[in-house]
Amino acid sequence: MPKMKIFLDTADIKEIEEFVITGLIDGVTTNPSLIAKSGRDIKEVTKEICALVPNGPVSAEVTAMDYKTMMKEADILRKIADNIAIKVPLTFDGLRACKTLSDDNTMVNVTLCFTANQALLAAKAGATFISPFLGRLDDLGQDGTDLISDISDIYLNYPEFETEILAASIRSPKHVSDVALLGADVVTLPGKVLRAMYTHPLTDKGLDAFEKDWKSTGQSIL
Ligand code: G3P
């Protein structure tokens with residue numbers, strides 16, 4: 001059985017360091033907005049991220065709209081480290097770049113996916129990952145999990161597709177369990193969603209009681 005992967009959706013080095021020590025993080029995704037938020041130079045910060053998760057893919061996104069410039073940017077980004085996945089948008093030029101890069105054995109993450117047909121084309125273009133954006137569909141009053149379900153059904157019908165479903169634009173722990181139930185291969189999470197996944201008031205309450213009762217025994221395990 002494949003294991004579900006957790007990527008961090010951030011370009012914040014401190015946040016990556018915070019979670020990487022748990023061994024729970026299988027990769028990182030970035031995008032131009034996250035690079036802007038970090039205030040860092042894209043090449044420098046991407047190199048640092050790649051070193052923090054050497055065994056996992058790190059998605060670095062091209063910013064050009066046309067194929068030729070996308071390929072020039074991808075050539076620079078993929079030289080940063082061996083674990084770079086080039087992120088391209090789900091456009092005609094992005095799909096074309098995806099095909100060229102995947103034929104050249106470069107991992108590709110096709111991003112800004114909002115329909116099952118877009119995901120179908122990305123798989124045909126050899127994408128390593130397809131990134132359906134759940135939260136942004138929910139923002140429009142649609143159900144983002146329906147999209148994950150449709151993509152999953154389509155990919156299962158065609159076993160030659162090796163593209164992994166990377167659920168993105170995840171806004172809550174509920175999103176994570178919903179897509180896990182649907183068998184998403186990967187979720188990419190902002191740190192605050194990952195923190196919310198392990199936090200529960202009954203866990204805290206139970207721990208307080210254990211601590212109090214333990215103190216009353218006067219014992220020490222050490
Ligand atoms: O990696 C891109 C995606 O996860 C963005 O999420 O919250 O900006 O819609 P959001």
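Numbering of ligands and ligand atoms starts at 1, following listing order.
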Seminar exercise, completed: So the atoms of ligand 1 within less than 4.0 Å of a heavy atom of K87 turn out to be 1 (O)
Problem set entry | N/O separation below 3.5 Å, R171 to ligand 1 | yes
Exercise. Should the heavy atoms of other residues, nucleotides or ligands under 6.0 Å from CD of E162 be counted, would the total exceed 12?
Worked result: no
Exercise. Mind checking whether E61 has a heavy atom under 4.0 Å from ligand 1?
Worked result: no
Exercise. What residue and heavy atom of the protein are closest to atom 5 (C) of ligand 1, and at what distance?
Worked result: R136 NH2, 3.7 Å
For this session: Using the rule that two of Ile, Leu, Val, Met, Phe, Trp, Tyr join whenever any of their side-chain heavy atoms come within less than 4.5 Å, decide whether V187 and V53 are in one cluster.
Result: yes
Seminar exercise, completed: In terms of heavy-atom contacts, K5 and D26 come closest through CA-OD2, 3.3 Å
For this session: Could you list which atoms of ligand 1 come closer than 4.0 Å to a heavy atom of S169?
Result: 3 (C), 4 (O), 6 (O), 7 (O), 9 (O), 10 (P)
Problem set entry | Distance-only donor-acceptor check, side chains D12 and S38, under 3.5 Å | no
For this session: Report, in ascending order of atom number, the atoms of ligand 1 lying under 4.0 Å from any heavy atom of N31.
Result: 1 (O), 2 (C)
Problem set entry | ligand 1 to T188 polar contact by distance, N or O atoms, under 3.5 Å | no
Exercise. Any Lys/Arg nitrogen of K212 or D208 sitting under 4.0 Å from an Asp/Glu carboxylate oxygen of the other?
Worked result: no
For this session: Could you tell me which atoms of ligand 1, counted from 1 in the order shown, lie closer than 4.0 angstrom to a heavy atom of D9?
Result: 1 (O), 2 (C), 3 (C), 4 (O), 5 (C)
For this session: Step through the shown structure and confirm whether more than 12 heavy atoms of other residues, nucleotides or ligands are within 6.0 Å of CG on D82.
Result: no
